[in-house]
Each structure stands twice: as structure tokens, then as C-alpha cells.
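Quick notes on the structure that follows.
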Amino acid sequence: MMKTNGQLEPTVFVIFGGAGDLTWRKLGPALFDLSRDQSMPAEFSIIAVDGLGMSDEKLRRRLHDGVKKFSRHGKMQGDEWNEFARHIHYQQGDFKKLQTYTALGEQCAKLEKEWGAKVHRIFYMATPPSMFGEIPKYLGKAGLARDREWSRIVVEKPIGYDLESARALNAVLAANFEECQIFRIDHYLGKETVQNILAFRFANPLFEPLWNRRYVDYVTITAAEEIGVEHRGGYYDHAGALRDMVQNHLMQLLCLVAMEPMVSFNADEIRNKKVDVLHAVRPIHPDAVHQSVVRGQYGPGWIGGREVIGYREEDGVSPDSQTETFVALRLFVDNWRWQGVPFYLRTGKRLTRQASEIAIQFHAVPHQSFPPEASLDWQPSRLVMSIHPDQGIVLRFQAKHPGPKMHLRSVEMKFNYQDAFAVRSPDAYETLLWDVMKNDATLFMRTDQVEAAWRLLMPVLDVWAVAPPGDFPNYAAGTWGPEDAQSLLAQGHSWPLPVELATHGEKKKKNS
Ligand code: BG6
């Protein structure tokens, strides 16, 4: 029998949309991996609620398939699956009928009796976004939201489609739950390397004194994907890269890089510091949208020796779609620390290679004392925090090239997570689900943060809505995006080529 973590109290995990893609691909594997790592409570139950007629057995087979494909642990041993699967139950139910919720309440009460203990109720909305505004209302009506210590709701992105709809959704949530019961997921925050930004900045005295306008010339934040829209064309064509990636993931990275040191490791303290950054970002004036933001859409091209179709040919995408699959923007954080330092953000699908990273580019030395021939390929120091798929930190600096003459060359000092810790990082969802169970909201988005991010981007969305791009598709799949992305950069600045950290062996494994 598997050992379990005795410290977590009994928990019922209700997943609305339990037969759907997110549960199959992410939630099932994450819960299984937590259970394998003995990180689930000793008493827990997973209730998958969905409209389809399905038996417990059929649901378990579906989740088993997801675990086999996506679990971090890969192969299951012995009785591991059966041991986990006995906790999974299916409940057919209409999300818009009170009866579904009263049945859930009864089920929880039954488990409390069986386990002889009060249970934590976690309600996870893994449904299409159209249900996000409905489910909380019914949970409220059924009295399942009342207990602030024991009841929590998890909301997936997108949190709204724009500022107005985000506010409306937040209002429904607030009418039924207290803010401390609401866990808004941004899976980037569950990534080890994203959490490591705080550790790196605030657990080491080394770089923080340099982390400001006096030493930093500019910052680039890149989230590049090789994949296209895959099977999500229908959703993506209504969202686009600005809503899908910038409003949430890139804004979170910006906050972590630019925030002031927190006073304590407390959820609200950290979130306050992050929101301060968003409040300090200089608003983009509607007249300046075209100078500050560049959008793109991929056409056909080649990636990794394979020919791929253009965005407009993808399933579920309109053949004359004006949706952006690439965005680059230039922002300024108007405070003492960052005045005048550009933050360049970019994200896109079907780019040359997958790479999420933050590059801090330091100023040139104030006075060049080496002879000109010594520093022919001189480059300023740069620190890169590599988030995904390579994980680690690379510091580029100048060193003397061996030989009788003084000749400077750029060299790199690398920290690779895999090498340093020799353990595989948990999947972001594992970390986040574990935090929900522990009732720790540090890695989740608060109402004000979500709304501040939308507020910043609204001028862009408004201007784009009335000024269609006209030149789409404007980059070939397999490139680094539209040429225009260069126009955002000040003289002497550049979009860095992503660093490579994976060792030769790892790369071979990845490609095989
Ligand atoms: C999701 C977006 O939030 O993040 C996807 O909806 C995107 O379009 C994904 O592919 C990227 O996440 P990751 O963890 O693969 O970098």
C-alpha cells in the first residue's frame, strides 16, 4: 500500500469538466504524481463532474491513459494505479442545475461521516470559460461556498476576455466566495524556474544591488513556442497571443523581475509587491500603440526540417483570420528603480524554437580601458534566467582569451537545474494543486492583479479592434517572428538568441 502524507487534512477534489482535456492531460497526471510522491492527504476523493454519461470505470480508464502519456513518473509500478484509481469517482451532472451541487454536498457529507473528520472541499473549474460565471453561483446557492476555511474554488485562465468581462467574473466569484478562497491559476507561477526568480533575486546579496537602472540597460522577456495552435484553433482564434500569453504569463514574469523585495514570504505581501509593478507600468497611449506593440501571424514554413502549414490553414481557424499569433511590446516601469529601462516582451507560436527566458542586459563599462584590438568582440554582461524547456541561469561576461596578448572574449557561466539538483522538477500543476490543498495562495493571481494586467493591455486591444493588421500572415513558421519586432528596440538593443543549457545527453533524449 502507498504511504500518504498524514499532514494534509481529508480533502474532496471536485473537478467540473472532469471528463475533459485539462483533466486528462494535466490534472489527472499531477494528482497521480502527487499521490506517488506521498503528497496527497491520507483521505482524499476525486469527484469528476461532467455532463456525459460515463461510469467510474470508463473515467478511470481515460485518466489512466492520460497518466501514462503525461505523468512525470512515466511507467507505473505494481498496484500504483489501482491504489490511486479507487479514489476517483464520476458524477454525471448539469453544471446549470442546482441538483448537481446538492448531490455534491451530500457526497461530501457522506465522506465526512465515513472518514470521521471534516473535509476540505476544492472546486476546480476545468470547464469551458463560459461556465466560469455559472458554477460559483450554484456553489453559493447550494451552500458549498460558505465555509471560508474549508471550501476553495480554482479558476483556470482565461480570467475574462477583457477588463470588463474580467471584472464581471471577479464580481460573481466575490459574491459567493471570499478572496482568500479563490485560487486563480497561472501555470507559469508553478514552474520551478519562475519561483526561482524570487530565490535568485532575494536570497543572494550578489545581484540585487545591480538590479536597477544604474546597471541594467534593458530587459527582454521571451516566451517562444515551436508548436502552432494544435487542436485549440477554435479557442485561440478568438483569443490571440496578447490574451493567451501576455495578459497572464508574461505579465507575471515582468512582475517577478521588476518587483521590490518582499518583507516576508507571505502570499499577500508578495502579491502586493507584484501589483505595485503593474501599477507602475507606463500606460500605453492609444496613439502610441503602433509604436509600442507589434503583432504577427505565422504563415507556412519549416520547423526542424518539417514543413508546416500557416495559421489560417489550421483546424478551427478562419481562413482570413486577423488573430495574432505573435506579439512583441515595449514597456517602461515608471519608478525609481526602473526609470528609463525598456522591458521588451515577446511571445509567439511557430517560432524557431521553444524557449522561455528572461535576459537582463547590463550597461557597457563606463570607460573602456583596454586597447581597441583587445575588445573586438566585446559584449556587455548579460544574465539569462532560462525558464523552459532549458532550466537554469547563464551569466555572460568578459574574460581574457589565453595567449600572450590581451584579448577579451565573452564566456558563459552556467547553472543547470538538472545538473545541480539531479531531480526532475515537478510539473507546474503538481505544485499548484499541492498549494491549493495547503491553502497557500502565494502562486495564484489576485483580483487586483488580473484587473491591473487587463487595464494595461486594453488600449492595445481597443486600437487593434478597429485597425485590422492588413499584412497577415507576416512571418514564416520557423522564424523569430515579424521583422517589425526589431522596430521596438532602441539603438544598440537586440532580441537575444535563447541560451542552451541542456547537456548533450539530454538533448539527444529530447529529440529522440
Ligand atoms: C497556455 C497557453 O496558457 O500556455 C498556450 O494557453 C501555451 O497557448 C501554453 O501553449 C504555454 O505553456 P508552457 O508551459 O508550455 O510554456
Side-chain angles (χ1 to χ4, degrees), residues 17 20-22 25-27 29-30 69-70 72 125-129 132 154-161 166 183-197 221-254 256 295-298 303 308 311 314-317 321 323-327 345-358 385-392 417 424-433 443-445 450 453-454 457 477 481 498 501-502 510:
D21 190 69
L22 183 71
R25 191 183 287 272
K26 290 288 182 193
L27 307 183
K69 286 203 171 80
F70 305 113
R72 177 164 61 93
M125 294 200 282
T127 60
F132 293 176
V154 186
V155 193
E156 269 290 334
K157 70 166 257 270
I159 315 283
Y161 183 75
F183 288 70
R184 294 178 192 80
I185 292 236
D186 180 321
H187 81 279
Y188 257 58
L189 294 179
K191 290 181 192 278
E192 287 289 326
T193 39
V194 172
Q195 295 171 63
N196 191 50
I197 300 171
I221 302 181
T222 299
E225 296 187 274
E226 230 176 89
I227 54 167
V229 284
E230 299 189 296
H231 55 283
R232 298 162 71 226
Y235 147 76
Y236 194 90
D237 210 31
H238 289 103
L242 196 78
R243 291 186 172 93
D244 187 49
M245 293 290 288
V246 180
Q247 190 275 341
N248 34 70
H249 309 324
L250 266 67
M251 286 296 163
Q252 292 291 342
L253 297 181
L254 170 70
L256 290 165
R295 57 187 151 163
Q297 187 193 74
Y298 65 83
I303 292 194
V308 297
Y311 176 68
E314 302 273 11
D315 270 355
V317 171
S321 171
T323 301
E324 80 286 355
T325 59
F326 175 97
V327 188
L345 280 55
R346 67 174 169 168
T347 182
K349 294 208 181 276
R350 285 282 189 236
L351 298 185
T352 315
R353 81 173 178 86
Q354 185 188 19
S356 297
E357 63 170 44
I358 298 163
M385 292 185 266
S386 194
I387 286 162
H388 184 68
D390 287 358
Q391 303 189 320
Y417 250 86
R424 267 188 81 174
S425 304
D427 180 76
Y429 273 90
E430 275 177 71
T431 306
L432 296 172
L433 295 181
L443 301 179
F444 295 82
M445 298 183 289
V450 171
W454 277 121
L457 298 177
L501 270 164
K510 234 192 276 171

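Atoms within each ligand, like the ligands themselves, are counted from 1 in listed order. This structure is a prediction, so every number in the text was calculated from the model and none was measured.
Salt bridge status for Asp244 with Lys157: present, with a side-chain N to carboxylate O gap under 4.0 Å.
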- Query: Checking side chain to side chain contact (heavy atoms under 4.5 Å, CB included) for the pair Leu256/Leu189: CA distance, chi angles, key distance, verdict?
  - Reply: CA-CA 10 Å; Leu256 290 165; Leu189 294 179; 4.1 Å; yes
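A 6.0 Å sphere centred on NE2 of His238 holds no more than 12 heavy atoms belonging to other residues, nucleotides or ligands. Heavy-atom neighbours of Arg424 CZ from other residues, nucleotides or ligands within 6.0 Å: at or below the threshold of 12. Around atom CG of Asp21, more than 12 heavy atoms belonging to other residues, nucleotides or ligands sit under 6.0 Å away.
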Provide, line by line, the atom pairs where ligand 1 and the protein bring an N/O atom each to a distance under 3.5 Å; else say none.
unit_1, atom_1, unit_2, atom_2, d
ligand 1, 3 (O), Lys157, NZ, 2.7
ligand 1, 3 (O), His249, NE2, 2.7
ligand 1, 4 (O), His249, NE2, 3.4
ligand 1, 6 (O), Lys157, NZ, 2.8
ligand 1, 6 (O), Arg232, NH2, 2.8
ligand 1, 6 (O), Asp244, OD1, 2.6
ligand 1, 6 (O), Asp244, OD2, 3.3
ligand 1, 8 (O), Arg232, NH1, 2.9
ligand 1, 8 (O), Asp244, OD2, 2.6
ligand 1, 8 (O), Lys349, NZ, 2.8
ligand 1, 10 (O), Glu225, OE1, 3.3
ligand 1, 10 (O), Glu225, OE2, 2.5
ligand 1, 10 (O), Lys349, NZ, 3.1
ligand 1, 12 (O), His187, NE2, 3.1
ligand 1, 14 (O), His187, NE2, 2.8
ligand 1, 14 (O), Lys191, NZ, 2.6
ligand 1, 16 (O), Tyr188, OH, 3.2

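Looking at residues two or more places apart in sequence or on another chain, you find a side chain to side chain contact (heavy atoms under 4.5 Å, CB included) between Asp237 and Tyr311, Val317, Ser318, Ser321, Thr323.
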